[in-house]
Amino acid sequence: MEEKEEKKSSSKQIQLSSETLYILFAFIALALVVVVKILGFFGVYSGVLNAILFIIACGLTATAMILSYLSEKTLKVEFWLNLAVLVIALLLLN
């Protein structure tokens, strides 16, 4: 009976702060930009795929920027990191 109680209480949860989540959005968007550029270098260029990944990357960074500003009411590192990734995406994927 004690073993069953121990098994139930051993579940783990991952808790991320909002700042970590916003930084993670920036890295995911940057990874999408890198994937598109790598596919382009290998000749697997598709305008539709490029557009979809561009929209996702810009959407992630814009969402993170807005949420970061609204939660803190100041421009913190997460905001500037997402802005930098958005500028990179705009320059490289157009």
Side-chain angles (χ1 to χ4, degrees):
M1 204 173 215
E2 291 178 18
E3 293 176 11
K4 291 181 181 178
E5 291 176 11
E6 288 178 15
K7 288 181 182 178
K8 290 180 182 177
S9 65
S10 67
S11 64
K12 296 181 180 179
Q13 292 182 343
I14 298 175
Q15 294 180 353
L16 296 175
S17 67
S18 60
E19 292 87 9
T20 307
L21 188 62
Y22 302 146
I23 291 173
L24 188 62
F25 280 1
F27 284 123
I28 291 170
L30 190 60
L32 289 174
V33 170
V34 169
V35 166
V36 169
K37 294 309 281 184
I38 289 173
L39 290 176
F41 287 136
F42 284 111
V44 187
Y45 181 79
S46 171
V48 174
L49 178 66
N50 188 18
I52 290 172
L53 293 179
F54 175 72
I55 290 170
I56 292 172
C58 290
L60 279 174
T61 56
T63 302
M65 285 171 46
I66 291 168
L67 291 175
S68 173
Y69 179 74
L70 290 178
S71 67
E72 298 293 327
K73 301 289 189 223
T74 59
L75 303 178
K76 295 182 82 173
V77 174
E78 305 88 31
F79 179 86
W80 294 111
L81 180 65
N82 280 294
L83 181 64
V85 172
L86 180 63
V87 169
I88 290 170
L90 289 173
L91 291 175
L92 293 180
L93 295 182
N94 279 335

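Below, all heavy atoms of this structure are taken into account, side chains as well, without hydrogens, waters or symmetry copies. Here, residue 1 is the first one in the sequence, and each next residue gets the next number.
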Hey, can you pull the donor-acceptor pairs under 3.5 Å for the side chains in residues 54-67, sequence neighbours left out?
from, atom 1, to, atom 2, distance (Å)
Thr61, OG1, Ala57, O, 3.2
Thr61, OG1, Cys58, O, 3.0
Thr63, OG1, Gly59, O, 2.6

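- Residues Val48 and Leu53 share a hydrophobic cluster, clusters being chains of Ile/Leu/Val/Met/Phe/Trp/Tyr side chains in contact below 4.5 Å.
- Following chains of ILVMFWY side-chain contacts shorter than 4.5 Å, one cannot reach Phe25 starting from Ile23, and the two form parts of different hydrophobic clusters.
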Could you give the side-chain donor-acceptor pairs of residues 72-92 under 3.5 Å, partners two or more places apart or in another chain?
from, atom 1, to, atom 2, distance (Å)
Asn82, OD1, Ala26, N, 3.4
Asn82, ND2, Tyr22, O, 3.2
Asn82, ND2, Glu78, O, 2.8

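- The cluster map of Ile, Leu, Val, Met, Phe, Trp and Tyr, joined by side-chain heavy atoms under 4.5 Å apart, puts Phe27 and Leu32 in different clusters.
- Atom NZ of residue Lys37 and atom CG of residue Asn50 lie 8.0 Å apart, to the nearest 0.5 angstrom.
- Here the CG-OG distance, from Leu24 to Ser18, works out to 12.5 Å after rounding to the nearest 0.5 Å.
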